[in-house]
Amino acid sequence: MIQRQEIFNIVDLFTSQSVIDFYQNLFDCVDLSSIPEFIQSKRGPIGYSRHALTRAFIVMNCEHFREITLLCDFLHSNLKIAQLCGFDITKKLPSYTVFQRHIKSIENSGLKEVMKSQVKSLIKLGAINNDVVSVDSTPIKANTKYNNPKCFSKNKFSKDNPPRSDKDCKLGVHTANNEDTDKNYEFYWGYKNLIMCDAKSGLPIYEVTLTGEQADVSNLINFLDQIECWFTLKDSKLLADKGFDSKANYNYIKDVLHGKAFIAKNRRNTKTMETLSCGNPLCEAGLAMHKDGKQYLKGSIKQKYCCPFRTSKDNTKCPCNHPKYNNGHKNRGCVKYKSIGTDYRASVDETSDYFKLFYSMRTESERYNSRFKNLNLETPSVRNIKSIENLNTLGHICLLAVALAAIITNKGDMFRSLNNLKRAS
């Protein structure tokens, strides 16, 4: 009986050695010195170590747990992992309420510093650089019944009917693809995570959590300003989809960052007109229209095109008998205008091979978003923006720690695969 009790006291027997090695290497790559370990209190106990609680959430990401209750069960079943996190396993482990309070109360700025230190370490190892960077956003759905496809509530996606379970979330729209002709989109209540990645390695550089209603195009400049404070983007090639397309963003990348923008054009509110190879549009009768002067505006030139029979006195010249041809005016016939941009955005030719060569590297952002969503962070169980923000940052810290651990342990081919590194440890 005594021998059996001694066997059960060995906590290593309940967790495989490969999992123990994996978490030991992973925690060595997470420097939590920027976060105070204990909160000073004049009354009562000091509580659990905030470092241990933070490492526990990294375990939650690595095990793909969506709910905190699953994390609590895992730590009780794997006391060695709880010990590696920093908990005293001879005492009671934290409850669900402790974890919930921690993820809401911890300052996100401290977690951002942890992420920055990881990025700087990867820069020294040559895994991350600023040559080609890619920006993208991914939706984070709030934990509310309105996001359930089986919910049949009336006006569930109305701004006047926000969910009561999460008062911080906002109504957002997610486009399923970037094609101009396909209007495939869906509404959701929640948030979005704006992420910058190294387009060569596919590793994150910086992130920020926004509410769902905020547009990507209006947040890019502020996002780049935050990055430029500690990670230089000078002479970088910045890739982004059409959700970030605007003249202001193009000019900021060129004039402030002195870089090159590879942003897909958003053909918003533009009508396609049939033209000849020389650029002259065709009228409704299929005839080539003639140039008829220019109008110089701020940032663009408006080219006017007129009917080829503009000065003709013959009322039968127009093949389609256009109403404007028989309006009795001296200059008769239809008129069309073509806007010619003179800014940096208009000078970028997205049909060129040079543009397509670099823009094709933006798929690394899509791949990283897929790895990020695989941590079960797209549909979190918490219900406030502070918890969502901290969970997102911890998810990026987890994936950066995987990359660092893989490179340091000479498993560089697995720096983008959490599951492969865990099996190989």
State, yes or no, whether a side-chain contact exists between [X] and [Y] at a heavy-atom distance under 4.5 Å.
| X | Y | value |
| --- | --- | --- |
| F38 | Y48 | no |
| I195 | D136 | no |
| K145 | S153 | yes |
| K200 | V132 | yes |
| L171 | S158 | no |
| Y191 | K170 | no |
| L122 | D198 | no |
| Y23 | C62 | yes |

Using the ring centroid of each side chain, check whether [X] and [Y] are separated by less than 6.0 Å.
| X | Y | result |
| --- | --- | --- |
| Y188 | Y146 | no |
| H396 | F372 | yes |
| F262 | Y354 | yes |

Does a side-chain N-to-carboxylate-O contact under 4.0 Å join [X] and [Y]?
| X | Y | answer |
| --- | --- | --- |
| R371 | E366 | no |
| K422 | E63 | yes |
| K192 | D216 | yes |
| E364 | R416 | yes |

Do any N or O atoms from the side chain of [X] and from the backbone of [Y] form a donor-acceptor pair under 3.5 angstrom?
| X | Y | result |
| --- | --- | --- |
| N147 | N143 | no |
| N193 | V208 | yes |
| S417 | M414 | no |
| T211 | E213 | no |
| K116 | W230 | no |
| H290 | Y305 | no |
| Q295 | Q303 | no |
| D245 | N266 | yes |
| E228 | L233 | yes |
| N390 | I106 | yes |

Could you tell me whether the side chains of [X] and [Y] share a donor-acceptor contact shorter than 3.5 Å?
| X | Y | answer |
| --- | --- | --- |
| Q24 | D28 | no |
| S387 | N384 | yes |
| S352 | D349 | no |
| H102 | T54 | yes |
| S49 | E37 | yes |
| R367 | T363 | yes |

> F187 vs Y185 aromatic rings, parallel, tilted or perpendicular, using cut-offs 30° and 60°?
Replying inline: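 The rings of F187 and Y185 stand perpendicular, inter-plane angle above 60°.
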Testing the basics here: between [X] and [Y], what is the closest heavy-atom pair and its distance to 0.1 Å?
| X | Y | answer |
| --- | --- | --- |
| C197 | I205 | C-CD1, 4.0 Å |
| T15 | K80 | OG1-CB, 4.1 Å |
| C72 | S95 | SG-C, 4.2 Å |
| L377 | G395 | CD1-CA, 3.7 Å |

Crowded around [X] [atom1]? As in, over 12 foreign heavy atoms under 6.0 Å?
| X | atom1 | answer |
| --- | --- | --- |
| Q226 | CD | yes |
| D353 | CG | no |
| K386 | NZ | no |
| K104 | NZ | no |
| K112 | NZ | yes |

> Checking side-chain contact (heavy atoms from CB on, under 4.5 Å) for the pair N419/L421: CA distance, chi angles, key distance, verdict?
Replying inline: CA-CA 5 Å; N419 293 333; L421 183 63; over 6 Å; no
> Got a sec, which residues hit ring-ring contact (aromatic ring centres under 6.0 Å, His included) with F415, two or more places apart in sequence or on another chain?
Replying inline: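 With sequence neighbours excluded, F415 shows a ring-ring contact (aromatic ring centres under 6.0 Å, His included) to no residue whatsoever.
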> Mind checking what makes ring-ring contact (aromatic ring centres under 6.0 Å, His included) contact with F74, not counting sequence neighbours?
Replying inline: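 Only F65 meet the ring-ring contact (aromatic ring centres under 6.0 Å, His included) criterion with F74.
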>> Can you see whether Y337 has K302 sitting over its ring - NZ or CZ less than 6.0 Å from the centre and within 45° of the normal?
In response: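 Relative to the ring axis of Y337, which defines the angle, K302 lies inside both limits.
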> Roughly how far, to the nearest 0.5 Å, is CG of L71 from OH of Y96?
Replying inline: 11.5 Å
> Could you give the distance from CG (N249) to CD1 (I221), rounded to the nearest 0.5 Å?
Replying inline: 5.0 Å
>> Quick one, E378 with R66, criterion salt bridge (charged side-chain N to carboxylate O under 4.0 Å, His left out). Give me CA distance, side-chain angles, the key distance, then yes/no.
In response: CA-CA 9 Å; E378 187 182 18; R66 177 178 174 268; over 6 Å; no
>> Could you walk me through whether E350 and R345 satisfy the salt bridge (charged side-chain N to carboxylate O under 4.0 Å, His left out) test, starting with their C-alpha distance in whole Å, then the side-chain angles of each, then the deciding distance to 0.1 Å, before giving a yes or no?
In response: CA-CA 10 Å; E350 61 179 345; R345 177 180 178 271; over 6 Å; no
> Which is it for N392 and T209 under the side chain to side chain donor-acceptor pair (under 3.5 Å) test, yes or no, and what are the steps along the way?
Replying inline: CA-CA 8 Å; N392 289 340; T209 300; 3.1 Å; yes
